[in-house]
Amino acid sequence: GVRADFRGASGTDVNEQIKQFEDAMARRPAGIIISPAGVGITPMVNRAIDGRIPVICVDSDAPQSKRFSYVGTDNYNAGRQGGELLGKLLDGRGEVFLLSVPGEPNLEDRIRGYRDALAKHPAIRIVDVGNDRADPNEAAKVARQVRVDELATLLPFEVLALLLGILIELGRQTERPDHPDVDVTH
């Protein structure tokens with residue numbers, strides 16, 4: 001049989017991820033699957049490979065490492081496609097605020113894709129790129145502070161977090177006796 005041990009750093013703290021990775025290597029697993037929290041993890045991936053522990057990167061890559069494989073999104077193209085769709089949805093005009101985690105290579109690629117696609121629409125302006133620290137509560141907090149025509153987010157996780165934040169806020173502000181099947185729990 002296969003035994004899996006799922007551990008992870010909270011958020012995108014590369015130092016915490018390195019510590020978790022070191023702990024995993026000390027247990028001599030048959031392999032490690034990781035979503036790198038930045039280029040700082042590359043030396044650890046190389047150490048694991050040199051120690052004959054295969055490493056597969058998922059969602060976020062460490063392309064300069066010796067990792068065995070990468071399974072995930074072409075983030076530039078995901079951002080480009082998202083930007084193209086957003087441009088259509090906005091009829092080529094409006095203001096956009098993007099949520100991301102600055103310094104994360106996969107998300108930087110996605111932002112670049114959004115910027116390139118939206119650059120084809122001169123009447124669309126990217127107001128800013130906010131740092132949500134890969135935390136749904138932070139994403140909702142940052143998003144609530146933005147006043148723009150449209151709000152674009154980069155990750156389905158963050159879209160859900162934003163929608164959840166809006167539902168929670170609506171639940172606090174309104175009682176819905178006409179919708180007893182709507183339950184907002186937080």
Side-chain angles (χ1 to χ4, degrees), residues 1-83 86 96-118 126 128-143 146 151-165:
V2 174
R3 193 178 131 242
D5 183 9
F6 184 85
R7 297 172 191 233
S10 60
T12 59
D13 183 344
V14 72
N15 293 321
E16 186 178 340
Q17 190 175 57
I18 288 170
K19 183 184 177 320
Q20 296 256 342
F21 199 94
E22 287 173 335
D23 291 347
M25 284 184 10
R27 291 189 300 276
R28 299 291 308 156
I32 296 174
I33 298 173
I34 187 169
S35 178
V39 295
I41 198 72
T42 297
M44 296 305 301
V45 171
N46 291 343
R47 270 188 46 209
I49 296 294
D50 291 344
R52 302 182 52 88
I53 300 171
V55 177
I56 296 174
C57 294
V58 295
D59 184 50
S60 180
D61 196 9
Q64 303 305 315
S65 74
K66 300 175 185 177
R67 52 103 170 113
F68 177 75
S69 182
Y70 167 66
V71 178
T73 305
D74 177 335
N75 284 290
Y76 173 80
N77 281 322
R80 185 185 51 73
Q81 290 174 356
L86 186 59
V96 175
F97 179 83
L98 302 173
L99 287 173
S100 186
V101 180
E104 291 293 321
N106 61 326
L107 299 179
E108 293 290 339
D109 287 346
R110 200 169 294 185
I111 292 285
R112 195 168 40 85
Y114 265 88
R115 287 186 189 281
D116 288 353
L118 293 174
I126 297 175
D128 199 2
V129 177
N131 183 358
D132 64 20
R133 296 181 178 89
D135 178 290
N137 294 317
E138 185 68 17
K141 178 180 161 188
V142 171
V146 177
L151 178 67
T153 58
L154 298 180
L155 299 173
F157 167 75
E158 293 165 331
V159 172
L160 293 174
L162 178 61
L163 292 174
L164 179 60

Q) With a 4.5 Å heavy-atom cut-off, do Pro102 and Val129 have their side chains touching? A) no
Q) Does a side-chain heavy-atom distance below 4.5 Å link Asp23 with Arg7? A) no
Q) What pair of heavy atoms forms the shortest contact from Val55 to Ala48, and how long is it? A) CG2-CB, 3.6 Å
Q: I would like to know whether Lys66 and Val45 meet side-chain contact (heavy atoms from CB on, under 4.5 Å); could you show each step before the answer?
A: CA-CA 7 Å; Lys66 300 175 185 177; Val45 171; 5.7 Å; no
Q) Rounded to the nearest 0.5 Å, how far does CG of Asp74 lie from CZ of Arg110? A) 10.0 Å
Q: Kindly give the heavy-atom pair with the smallest separation between Ile49 and Pro54, and that separation in Å.
A: CD1-CA, 3.9 Å
**Q.** Those residues that, when tested against Tyr70, pass side-chain contact (heavy atoms from CB on, under 4.5 Å) (two or more places apart)
**A.** Cys57, Asp61, Arg67, Asn75
Q) Does the Ser60 side chain pair with the main chain of Ala37, one donor and one acceptor, at a distance under 3.5 Å? A) no
Q) Roughly how far apart are Ser65 OG and Met44 CE, rounded to 0.5 Å? A) 12.0 Å
**Q.** Salt-bridge criterion met for Arg47 and Asp50 (N-O under 4.0 Å)
**A.** no
Q. In Å, rounded to the nearest 0.5 Å, how long is the span from CD1 of Ile32 to CD of Gln20?
A. 11.0 Å
Q. Between atom CD of Gln81 and atom OH of Tyr114, what is the distance when rounded to the nearest 0.5 Å?
A. 10.0 Å
Q: Give a yes or no answer on whether the side chain of Asp135 reaches the backbone of Asn137 with a donor-acceptor pair at less than 3.5 Å.
A: yes
Q.
Once rounded to the nearest 0.5 Å, what's the spacing between atom CD1 of Ile111 and atom CG of Asn106?
A. 10.5 Å
**Q.** Asp5/Arg27 ion pair, N-O < 4.0 Å
**A.** yes
(Q) If I take atom CD1 from residue Ile126 and atom CG from residue Leu86, how far apart are they, to the nearest 0.5 angstrom? (A) 8.5 Å
Q. Does any non-hydrogen side-chain atom of Gln17 lie less than 4.5 Å from one of Ile34?
A. yes
Q.
Within the supplied structure, the quantity of interest is the number of heavy atoms (other residues, nucleotides, ligands) at a distance under 6.0 Å from Glu22 CD; does it exceed 12?
A. yes
Q. Where do Val58 and Ile33 come nearest, in terms of heavy atoms and distance?
A. CG1-CG2, 3.7 Å
Q. Do Val142 and Asn131 have side chains that get closer than 4.5 Å, going by heavy atoms?
A. no
